[in-house]
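Taking it in order: structure first as structure tokens, then the write-up.
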Amino acid sequence: MQDKELYRQLLGLKEPWDVSEIKVDFAGLRVDLWITWPPDRKAPCPECGKLCNIYDHREERQWRHLDTMQFQTVLHCRIPRIECAEHGVKSINVPWAEGNSRFTALFERLSIDVLLGCLNQTKAKEILKLSWDEMHLIQEKSVRRGLDRRKAAALKRLGVDEKSFLKGHRYATLLCDLDEKRVLDVAQDRKEDSLKGLLESIPDEQRQEVEAVAVDMWEPYINAVQALLPEADIVHDKFHIAKYLGEAVDAVRKAENKALIKDGSELLKGTKYLWLTTPENWSANQKRMFKELRDQDLKVGRAWGIKEMFANLWEFTYEKAARNYFRKWHWWATHSRLKPIAQVAKMLKRHLDNILTYLKHRITNAAVEGINSRIQQVKSAARGFRNFENYRIAILFFCGKLDLYPQETQ
Ligand SMILES: [Zn+2]
């Protein structure tokens with residue numbers, strides 16, 4: 001008898017809720033508790049709160065609760081239904097769980113904390129002794145709650161980035177709030193419609209407030225932003241631009257290295273990363289390497305110099321001065337007789353207006369970098385996602401900064 005009262009108090013159940021039966025399985029480390037509401041006591045209607053007579057009881061259901069002394073603890077109850085004059089026959093609210101959950105609210109809170117704490121679904125699943133499906137269910141419910149509660153806060157600066165999921169073959173489009181460093185939502189593919197769908201889900205008034213969007217020089221994304229955020233400036237991400245220039249330098253190195261080897265020279269062997277980094281990040285060895293190579297009149301040396309010169313563009317304050325600098329740079333690049341470099345220079349010229357917007361907004365998708373590394377961590381721990389929806393839920397769960405917790409029920 002004492003045990004039942006103890007459990008009733010541990011569960012925080014108020015009268016007339018009662019723990020009517022306890023079964024302990026010592027070998028299986030499990031406790032089962034049966035909770036009842038006396039059939040002769042009136043209960044509040046879930047709609048209007050008026051006390052009504054009990055009509056009948058539903059089928060027995062189970063809820064996983066917090067462990068007691070390392071014993072997995074499961075609650076059982078046949079939820080009573082009342083008959084309200086105004087609202088008819090209704091199941092009453094139970095204080096330990098939300099509507100149709102398989103877990104008590106306290107267990108869900110714990111699961112959310114464990115997941116967020118270890119950023120690793122495999123580990124969390126082991127700690128909580130949950131199946132993949134159960135854990136996914138908890139995440140999905142939490143994200144749905146969070147999205148419902150998300151307030152229409154001002155969105156000023158957005159970032160759009162593509163991510164690969166499923167071993168690099170399938171893409172997803174990520175829409176982020178750069179100011180709050182959070183993911184707003186994720187869509188399948190990296191097509192114009194992928195981003196359009198994400199932008200359309202932002203209410204009109206909020207959309208009009210957006211000042212700038214950081215995005216790669218990728219036509220489908222550019223088209224989507226122009227169609228749905230016509231007032232916002234597009235800012236081509238400087239890290240993406242640096243990547244294009246780096247790839248061009250590397251293409252020059254590869255071709256030149258091949259030609260040199262043919263002539264019996266190993267001059268460029270092992271220099272790949274020298275040309276991909278900037279002097280302030282060079283090791284002592286790379287500095288020595290550069291000294292030996294710089295007077296050799298190498299093509300890759302010239303390509304590298306042009307790449308480094310481009311970075312000066314970001315230091316300008318005034319657009320006009322920056323435009324003049326770009327014009328000079330573009331001339332060097334296109335007259336360098338280095339085809340990969342000239343190609344990138346032409347692309348940059350085509351997009352120049354949306355590159356110079358950086359000087360005004362100073363935004364990049366670097367803010368998304370923190371988010372990206374979190375996603376990477378979640379992704380590798382989950383050993384791939386079976387489908388896109390699981391991937392989306394995980395990203396929003398871990399990177400959406402949503403209010404995930406179930407409501408206090410007691
Ligand atoms: Zn009622």
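Counting starts at 1 for both ligands and their atoms, in listed order. Bear in mind the structure is a predicted one, so any value in this text is a computation, not a measurement.
A search for salt bridge (Lys or Arg N to Asp or Glu O under 4.0 Å) contacts involving Lys141 returns Glu108, not counting sequence neighbours. Legend: residues meeting salt bridge (Lys or Arg N to Asp or Glu O under 4.0 Å) with Glu389, ordered by chain and number and at least two apart, are Arg392.
For the residue pair Asp113 and Tyr405, a side-chain donor N or O sits within less than 3.5 Å of a side-chain acceptor on the partner. Checked by atom type, the side-chain pair His65/Thr73 shows no donor-acceptor distance below 3.5 Å.
Nearest heavy atom pair, residue Val213 against residue Val210, reads CG2-CG1, 4.1 Å.
Distances shorter than 2.8 Å separate the Zn ion (ligand 1) from the protein N/O/S atoms Cys45 SG, Cys48 SG, Cys84 SG, His87 ND1.
Within the structure, every pair that satisfies the ring pair (Phe, Tyr, Trp, His ring centres under 6.0 Å) test and touches residues 227-252, not counting sequence neighbours, is listed here: His236-His351.
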